[in-house]
Amino acid sequence: MDIVKARTMPGVMELLPGDQIAYNRVRDTIRATFERFGFLPIETPVMELVSVLLTKSGGETEKQVYFTQSTGARAQGKDPDLALRFDLTVPLARYVAEHEPDLAFPFRRYQMQRVYRGERAQKGRYREFEQCDIDVIGRNDLDLRFDAEIPAVIDQLFTQLDFGPFTIHMNHRKILRGLFAALGIEAGERQTTVLREVDKLDKRGRDAVLATLSEDEYGLGGPLADKLLTILNTRGPGAEVLATLRGLDVSHALLDEGIAEMAVVVEALKALGVPADHWCLNLSIARGLDYYTGTVYETLLDDHPELGSICSGGRYENLAGHYTKSKLPGVGISIGLTRLFSKMQELEIVSSSDSTVQCLVARMDPELDHETIALGAELRAAGINTQVVFDGGKLGKQMKAADKAGIPFVAILGPDELTRGSVQVKNLRSGEQQDIPRAEVGARLLAQLGETS
RNA sequence: GAGGGUGUAGCUCAGUCGGUUAGAGCGCCAGGUUGUGGCCCUGGAGGCCGGGGGUUCGAUCCCCCUCACUCUCCCCA
């Protein structure tokens, strides 16, 4: 018989239980933080109708969709009318448009689900990955203070995750567009192209970007590009950068508008208590996506800038223009959990040593299986995650297996303990072993688990 | 879509200027220790050297093709 090699397709992340536990812990922290800020959960189907998902072709991500169809439709040679979502923003737009009458605005939702992109997998780039999104959607208007709340969530989150010092870089699309216009770079395609180049400042360096911008296709003379880059190189505390902007010898109505809006956000950030060293204004942050119209965010780990942004987003003027005539402005951010986790693993910042099993009931003597099974039930009744051994070999082997699996406690109930009416409980971390009256085992163990975790 | 790199044990990799039984470390299994993990010692299992063709007396090694994986750019999370 032919054996088919068991393997996954490239670009997916599949974990062993130890790592999955660590992943779930990160995910739980994210969810708890989102809920702390009053965001509501929603989930949408993995598949959307093609007509809904691909409203406007041309976007880079839309070229990477996975189409799906039933075997019946396929046999009939029909074109697929379903596709896997490639982000959570488009489904959100559809969701809000569809349920608008039933939603309370501003609508604050969080969503943590997997998305799919058919691209060549490479380091930190997946075909299936989980995104954790929060967005606030307003009807007609959305207060600017929400733009400050988003980084406040991120601040809390990364503080709790404890992945090291981080900085939320912020900028404003109106400031960028205003600057472009003031310098004679006209709106539309040209600004978008320049924006995309500017976004690479940190990655490619000033000289490389300057060289590119000075090429014919960009139509920026050397001095003009130089001036632009000098301004965009500004970064620092909010108040300082705003002062710099106000003191520039260029002016434009859009620029002023952007500065004014940014000032409101900066004030709100202070009131929210986001520490000044956790965020900055960075005029070179552009974000590639052109649907952003206001504040934009990128979050970098100070010790690992090479990772790039681990969480980014921004404000958009109209979320669901393709699906409804209602004007629905929003602001949101997305965390690429799969990518984040894989990098944390690489840097050995997350540990996979803990098991969800808290206590292993060892098997001393097959004759006593009835007693160990009962002990397991007693421990579970006390609220302890318990696994009972039915065929673990010698005691030493059972211990070794428990230790390797990251199970913190082993309960031993052999003939001696049975006579005494007690149970030996061994802490594998400390090596301590106690003889505890059987009636008290559950409570005592629970107390010890509380101390260690 | 464009351009690089790599395929040898479960994992990370040596190796052979082309030569007969292909190695190490880690991991795994068993034993040393008949009721106690981590350390140590001993032994063991496990490879059509990615696949096909060519050159050669002889190919894991050289050549060609192919497949797979991987990285960079593009774009993004």
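Order of the sequence lines fixes the chain letters, A, B, ..., with proteins taken first and strands second; residue numbering starts at 1 for each chain.
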Open item on the list: Counting only heavy atoms and a strict 4.0 angstrom limit, can you tell me which residues of residues 24-36 of chain A come near RNA chain B?
Closed with: none

Open item on the list: What's A:I412 touching, base or sugar-phosphate or nothing? Going by heavy atoms closer than 4.0 Å.
Closed with: base

Task: Heavy-atom donor-acceptor pair, A:R339 side-chain to B:C76 base, under 3.5 Å - done: yes

TODO: Starting at atom NZ of A:K404, determine the distance to atom C1' of B:C28, rounded to an integer number of angstrom.
DONE: 8 Å

Task: Proximity of A:H278 and A:F166 rings by center, below 6.0 Å - done: yes

TODO: Would you kindly check whether a donor in the side chain of A:R125 faces an acceptor in the base of B:A77, or vice versa, at under 3.5 angstrom?
DONE: no

Task: Check: A:E130/A:Y23 side-chain N/O donor and acceptor closer than 3.5 Å - done: yes

Open item on the list: Quiz question: going by heavy-atom distance under 3.5 Å, is there a donor-acceptor pair between the base of B:G37 and the side chain of A:K426?
Closed with: yes

Task: Inter-nucleotide P distance (B:G51, B:C39), Å rounded - done: 37 Å

Open item on the list: Taking the P atom in each of B:G52 and B:G5, what is the distance between them to the nearest angstrom?
Closed with: 25 Å

TODO: Return the value, rounded to whole Å, for the distance between atom CD of A:Q64 and atom P of B:C74.
DONE: 14 Å

- [ ] Give one of base, sugar-phosphate or nothing for A:S309, where a contact means two heavy atoms less than 4.0 Å apart.
- [x] sugar-phosphate

Task: Same-atom distance (P) from B:U12 to B:G50, integer angstrom - done: 15 Å

Task: Of all pairs that satisfy side-chain hydrogen bond (donor to acceptor under 3.5 Å, both in side chains), the ones with a partner from residues 335-347 of chain A, not counting sequence neighbours - done: A:D19-A:Q345, A:Y126-A:S342

Open item on the list: Using only modelled atom types and a 3.5 angstrom limit, is any donor from either the side chain of A:E119 or the base of B:A77 paired with an acceptor on the other?
Closed with: yes

Task: Flag if over 12 foreign heavy atoms under 6.0 Å of CZ, A:R380 - done: yes

TODO: For nucleotides B:G27 and B:U34, find the distance between their P atoms and express it as a whole number of Å.
DONE: 23 Å

Task: Watson-Crick/G-U partner (both atom distances under 3.5 Å) of B:G31 - done: B:C41

Open item on the list: Can you tell me how the ring of A:Y95 sits relative to the ring of A:F107, calling it parallel under 30°, perpendicular over 60° and tilted otherwise?
Closed with: parallel

TODO: For B:G10 versus B:C49, give the span between their P atoms, rounded off to a whole number of Å.
DONE: 12 Å

TODO: For B:C13 versus B:U70, give the span between their P atoms, rounded off to a whole number of Å.
DONE: 14 Å

- [ ] Give none if B:C67 has no partner; otherwise give the nucleotide forming a Watson-Crick or G-U wobble pair with it, both distances under 3.5 Å.
- [x] B:G7

- [ ] Using the C1' atoms only, state how far B:U8 lies from B:G37, rounded to an integer number of Å.
- [x] 35 Å

TODO: Let me know the distance between CD of A:Q122 and P of B:G4, rounded to the nearest Å.
DONE: 16 Å

- [ ] Write down the partner of B:C13 under the Watson-Crick or G-U wobble criteria, each distance required to be under 3.5 Å.
- [x] B:G23

- [ ] Verify the distance criterion only: is there a donor paired with an acceptor across the side chains of A:Y116 and A:D87 at less than 3.5 Å?
- [x] no

- [ ] Measure the distance from CZ on A:F86 to P on B:A77 and round it to the nearest whole Å.
- [x] 11 Å

TODO: Mind checking A:D87 for me? I need base, sugar-phosphate or nothing, with any heavy atom below 4.0 Å counting as a touch.
DONE: nothing

Task: For B:G1, the Watson-Crick or wobble partner whose two distances fall under 3.5 Å - done: B:C73

- [ ] Pick base, sugar-phosphate or nothing for A:Q433, based on heavy-atom distances below 4.0 Å to the nucleic acid.
- [x] base

- [ ] With heavy atoms under 4.0 Å as the rule, sort A:K123 into base, sugar-phosphate or nothing.
- [x] sugar-phosphate

Task: Between B:C76 (C1') and A:L300 (CG): distance, integer Å - done: 14 Å

Open item on the list: Heavy atoms only, 4.0 Å cut-off, all strands: where does A:R127 land among base, sugar-phosphate and nothing?
Closed with: nothing

- [ ] Considering only atom C1', compute the distance from B:A14 to B:C61 and round it to an integer number of Å.
- [x] 14 Å

